[in-house]
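Each chain gets a letter, A, B and so on, in the order its sequence line appears, and its residues count up from 1. For the numbers below, each heavy atom of this structure counts, side chains included, while hydrogens, waters and symmetry mates do not.
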Amino acid sequence: MGCYTWAPRRRCLCLQYIFKLQTLSPSASFRFIHNFVYDSSNFVSNQRLSELSKDGRVDEARKLFDHMPYRDTYTWNIMISAYANSRNMVEARKLFDETPTKNSITWSSLVSGYCRNGCEVEGLRLFSQMWSEGQKPSQYTLGSVLRACSTLGLLHSGKMIHGYVTKIQLEANIFVATGLVDMYSKCKCLLEAEFLFVSLSDRKNYVLSTAMLTGYAQNGESLKAMQCFKEMRIQKMESNHFTFPSILTACTAISAYSFGQQVHGCIILSGFGANVYVQSALVDMYAKCGDLNSARMLLNIMEIDDVVCWNSMIVGCVAHGHMEEALVLFHKMHNRDTVIDDFTYPSVLKSLGTCRDLKNGESVHSLIMKTGFDACKTVSNALVDMYAKQGNLNCALEVFNKISDKDVISWTSLVTGYVHNGFHEKALKLFCDMRIAGVDLDQFVIACVFSACAELTIIEFGRQVHGNFIKSSVGSLLSAENSLITMYAKCGCLEDATRVFDSMGTRNVISWTAIIVGYAQNGRGKDSLRFYDRMIIDGVKPDPVTFIGLLFACSHAGLVETGRSYFESMEKVYGIKPGSDHYACMIDLLGRAGKLNEAEELLNRMDVEPDATVWKSLLSACRVHGNLELGERAGKNLIKLEPLNSLPYVLLSNMFSVAGRWEDATHIRNSMKRMGINKEPGYSWIEMKSQVHSFISEDRSHPLAAEIYSKIDEMMILIKEAGYVPVMNFALHDMDEEAKERSLTYHSEKLAVAFGLLAVPNGAPIRIFKNLRVCGDCHSAMKYISSVFKRHVILRDLNCFHHFKEGKCSCGDFW
DNA sequence: CTTTCGCTAT
């Protein structure tokens, strides 16, 4: 008790009592003197109790507490908070219940204790009990319960507290206001948070600003977070170990590398560089931005092994394709007994899935089972994803079935797995099961379902999911909207694709590329290029895929020079090195325009090895222009690269037939047979009222076959009258002319269009899909059909869309 | 004696 720091206060108390005594009667004076002595001895003990509590010496504090002859409310409060601070809520509660006279601080101490120690629900329960016992909450209590609402995401309760805060005019209190801003941010009500923040204009401090900054960072508003950080620095506000991790998260989210580096500079100057939260955020920022060296360095100089840093490092390696290093890091963690947590496994599993490492996949799976992490849903979800990525859908399903409370991510992992492995129908069935199970949608599963619909071109189902998507309040829209554009475009519904595109709030390069490719595929090459101009004006930089779309558009619109200049601008203006697929597009472009020599020249100049697509383009061009010599070279190379692909055999034999070289044609077909290669049978289908009607050549299996065949006969008579002449080149077999014409007449496209004329209501477009490229004769017939029957026929083939209207095709006869 | 803000996973 050697320290008398309390002396001035005691003197103050004395004066207060003397002053009081002068005004009191003798008996009252006695009571006061008694109380004074009592109070001051208590005061000494309370002081000591508080010191012990502050030092975290709870047991000693309790000993003193037990020996104190008199205890006032202050005494009880100190002891209760001592327990709360040492996370011993059981003892804190016991003392609270025994406290004879509770004041507002007694309640606040226990409420805050619960809220800080992970017992938010208990904290809120006590808060309402406090309320019903007539004890009014203070700014302290309100701060604590707002934090609990944030943690639990209780928007409704948070709003009620906000109402009370307004009523008692505590809105301008910085602690309460910060709690409110945080609560609204965590409940994803960024506008409310922002409104409160702005209305506190001159009362902002760095904690409040940090809360707002964090709100921006966690709700995908990285730019606003960065603006907020700049504002803080302009106002000379300090930043702390809460501010830095949040601003770094914002930088990481949009890969704002140089801003992140500047923040790193601020951190070094601020002295917060040794904080683990700050360090892990830095490692994460560097790793995600691709500066793995800086991330590695930070990780190496850290004094303690922090699991978050290791996790971030692994994620960074996975994201930048260093799969082996990710695995090495994981092994290191395992060997040096660094904690491995439920964040580590998903990252490692992702890398094992991406590089299809089956062996290590299984060992990590066993490790997960051994350590009991299979009970953790995020880990199990990642296992489903890994097996699905490895193409092992049985294992994926097995893990999936064992998850007791499947969430949207569990379902999404499996659904995307089926989509990526080409099982689109199965994926859609699973999606339906998910809806039946009552699981809410998110943007990932929606995006995935849209691309499955795009692949299957089943627009009716896709439209229904679009309806679901609009009704559901899915947070981030971009990826879902992007795949929606592709879905509509791939189904030939360009108006719908455009409507989605126009309605989008924000667009990224993928959105623009989707609409560019969509217009290009639907034969609207020039409009496609107009979108590109708008995109550049909007300040969005094209990526390699954008150029595929542009070159495709030029190729199908016959815009050779435009295409050439895009191709040149790729590397010159945007620093994008043309890949094999870009060369393929260019060769296609030149080839279609009949510039086969130039196409060959370009091929010889390629600085990457030509892949199958390049040879395919050249071969197709050679077929169109009847260049057998070059065609043979292309075909041979293609066969070398894709020995099981029937395309070169079919095209070459077709070219020989056209040239009248029947023997060569037969030779090719025989070697195809010898190799056991079958031509994929061509079929066409129409989707109607959620039913798919599919047809193969000379097919009579459809229930309406009789009607369809007589419709075809009628059709052929009418279009011949209009000037149609069968294009015999496309009848491959060396049969007599009459048989050739017959086989042409009952091609699957013609069966489908006849069915469409019968079954699709007048005025609605007839949408036909074909698994191969449309045959030249059918293409010509469709043009006549569209004018004779005054119908809009949309035919999607393997390569692009053909919109037949009034005797013309949108592809301009290039395909 | 009681109050506000932070990193990693599909």
- request: Taking heavy atoms of chain A and a 4.0 Å limit, find me the 5'-most and 3'-most nucleotide of DNA chain B within that range.
  value: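 Taking any atom under 4.0 Å from a heavy atom of chain A, the span is B/dC1 to B/dT10.
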
- prompt: Mind checking whether A/F450 and A/F469 have parallel, tilted or perpendicular rings, split at 30° and 60°?
  reply: perpendicular

Do the side-chain N and O atoms of [X] and [Y] include a donor-acceptor pair separated by under 3.5 angstrom?
{"X": "A/N103", "Y": "A/N77", "result": "yes"}
{"X": "A/D407", "Y": "A/S410", "result": "yes"}
{"X": "A/R62", "Y": "A/Y83", "result": "yes"}
{"X": "A/T99", "Y": "A/T106", "result": "no"}
{"X": "A/N46", "Y": "A/T75", "result": "yes"}

Just to be sure I understand the rule, does [X] reach a base, reach only the sugar-phosphate, or reach nothing, if contact means heavy atoms closer than 4.0 Å?
{"X": "A/K54", "answer": "sugar-phosphate"}
{"X": "A/S81", "answer": "sugar-phosphate"}
{"X": "A/I174", "answer": "base"}
{"X": "A/V207", "answer": "base"}
{"X": "A/N240", "answer": "base"}
{"X": "A/D182", "answer": "sugar-phosphate"}
{"X": "A/T75", "answer": "nothing"}
{"X": "A/S413", "answer": "nothing"}
{"X": "A/S109", "answer": "sugar-phosphate"}
{"X": "A/K186", "answer": "sugar-phosphate"}
{"X": "A/I105", "answer": "base"}
{"X": "A/N173", "answer": "nothing"}

- prompt: Residues in ring-ring contact (aromatic ring centres under 6.0 Å, His included) with A/W107, at least two apart?
  reply: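 A/W107 satisfies ring-ring contact (aromatic ring centres under 6.0 Å, His included) with A/F96 once adjacent residues are dropped.
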
